[in-house]
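Okay, structure first, notes after.
Just the heavy atoms: all of them, side chains too, but no hydrogens, waters or symmetry mates, feed the values below.
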Amino acid sequence: MSAAVGARGAKRAVTGPVLAAGCVLWRRSPSGGLEFCLVHRPRYDDWSYPKGKLKRGEPPLDAARREVLEETGHHCAPGAPLPTARYRANGRPKEVAYWAAEATGGTFAPNAEVDRVSWLAPAEARTRLTQDRDRELLDAALATLSNT
């Protein structure tokens, strides 16, 4: 067990993984092919999917929708759940629940967390993604979408 500093400066015990949620956001290109939305986070200088920590009491799917809107400016229609990503971040275990989600409209505006988004075909997205675990999610999303 480790300690974290709460909002009032008091230390509190931290147990279990950091819980987060996000979406592999997709849309149809004008030619009918699939495009995936990747976000660039300047803090980490990486390309990934929109995701973020759950707020206290927030259901993971609600958090995933909120993070997509906050980070990309797009609303979405979540579909099939994707594999949960499990890894260590800042020395703690982290679990990120993901869904494949179709973009239903919106406009990106750069913000403190995300300075750019790119809509890319699957092969381009695979190359641009920073983490191997995100490439695995791309494969899972493609398999799910091919069954619809």
Side-chain angles (χ1 to χ4, degrees), residues 1-2 4 7 12 14-148:
M1 186 171 5
S2 61
R12 58 182 171 77
V14 176
T15 59
V18 173
L19 300 177
C23 291
V24 176
L25 190 64
W26 64 274
R27 69 181 182 190
R28 292 276 175 200
S29 70
S31 65
L34 289 173
E35 293 181 327
F36 291 90
C37 182
L38 304 186
V39 299
H40 180 260
R41 301 178 305 166
R43 177 178 178 188
Y44 303 105
D45 191 24
D46 70 350
W47 287 93
S48 63
Y49 303 112
K51 65 181 177 295
K53 295 177 192 163
L54 275 62
K55 293 182 178 180
R56 181 168 291 157
E58 184 179 33
L61 185 55
D62 291 351
R65 282 190 193 106
R66 175 180 53 77
E67 288 293 336
V68 166
L69 184 58
E70 287 176 2
E71 293 187 2
T72 71
H74 286 268
H75 295 275
C76 67
L82 299 173
T84 297
R86 292 178 173 84
Y87 55 96
R88 294 191 74 75
N90 300 317
R92 286 195 54 206
K94 186 170 187 176
E95 293 183 3
V96 186
Y98 280 99
W99 285 264
E102 184 175 10
T104 58
T107 303
F108 174 71
N111 57 71
E113 287 186 69
V114 175
D115 63 349
R116 290 178 280 164
V117 300
S118 286
W119 287 94
L120 302 169
E124 294 170 294
R126 179 178 310 287
T127 300
R128 179 85 51 97
L129 286 162
T130 303
Q131 299 293 330
D132 286 337
R133 65 178 167 263
D134 289 337
R135 290 182 192 91
E136 293 169 8
L137 284 165
L138 178 63
D139 292 339
L142 286 166
T144 296
L145 294 170
S146 70
N147 292 329
T148 58

So which heavy atom on [X] is nearest to which on [Y], and how close?
{"X": "Cys76", "Y": "Leu25", "value": "CB-CD1, 3.6 Å"}
{"X": "Gly79", "Y": "Trp99", "value": "O-CD1, 3.4 Å"}
{"X": "Cys23", "Y": "Val68", "value": "CB-CG2, 3.6 Å"}
{"X": "Pro60", "Y": "Ala97", "value": "CB-CB, 4.4 Å"}

Find out whether [X] and [Y] are in side-chain contact, i.e. whether some heavy atom of one side chain is under 4.5 Å from a heavy atom of the other.
{"X": "Asn111", "Y": "Glu70", "answer": "no"}
{"X": "Arg88", "Y": "Pro93", "answer": "yes"}
{"X": "Glu102", "Y": "Trp26", "answer": "yes"}
{"X": "Val39", "Y": "Thr72", "answer": "yes"}
{"X": "Thr130", "Y": "Ser48", "answer": "no"}

> Does the side-chain contact (heavy atoms from CB on, under 4.5 Å) test come out yes or no for Glu124 and Arg128, once each step is laid out?
Replying inline: CA-CA 6 Å; Glu124 294 170 294; Arg128 179 85 51 97; over 6 Å; no

> Within the side chain of Arg92, is there an N or O that forms a donor-acceptor pair under 3.5 Å with the backbone of Gly16?
Replying inline: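 Confirmed, Arg92 side chain pairs with Gly16 backbone.
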
> Is a donor on one side and an acceptor on the other found under 3.5 Å between the side chain of Arg126 and the backbone of Leu138?
Replying inline: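 Not a single qualifying donor-acceptor pair exists.
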
Can you list every pair that meets ring-ring contact (aromatic ring centres under 6.0 Å, His included) and has a residue in [range], with sequence neighbours left out?
{"range": "residues 61-98", "answer": "His74-Trp119"}
{"range": "residues 125-144", "answer": "none"}
{"range": "residues 29-52", "answer": "His40-Trp47"}

>> Test side-chain contact (heavy atoms from CB on, under 4.5 Å) on Arg27 and Cys37; report intermediate values, then the result.
In response: CA-CA 8 Å; Arg27 69 181 182 190; Cys37 182; over 6 Å; no

>> Quick check on salt bridge (Lys or Arg N to Asp or Glu O under 4.0 Å): which of Lys51, Arg116, Arg41 does Asp46 satisfy it with?
In response: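 By the salt bridge (Lys or Arg N to Asp or Glu O under 4.0 Å) criterion, Asp46 pairs with just one of Lys51, Arg116, Arg41: Arg41.
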
From [X] [atom1] over to [Y] [atom2], what is the distance, rounded to the nearest 0.5 angstrom?
{"X": "Arg135", "Y": "Thr127", "atom1": "CZ", "atom2": "OG1", "result": "7.5 Å"}
{"X": "Thr84", "Y": "Leu137", "atom1": "OG1", "atom2": "CG", "result": "9.0 Å"}
{"X": "Gln131", "Y": "Glu136", "atom1": "CD", "atom2": "CD", "result": "10.5 Å"}
{"X": "Asp139", "Y": "Asp134", "atom1": "CG", "atom2": "CG", "result": "11.0 Å"}
{"X": "Leu120", "Y": "Leu38", "atom1": "CG", "atom2": "CG", "result": "5.0 Å"}
{"X": "Lys94", "Y": "Arg86", "atom1": "NZ", "atom2": "CZ", "result": "14.0 Å"}

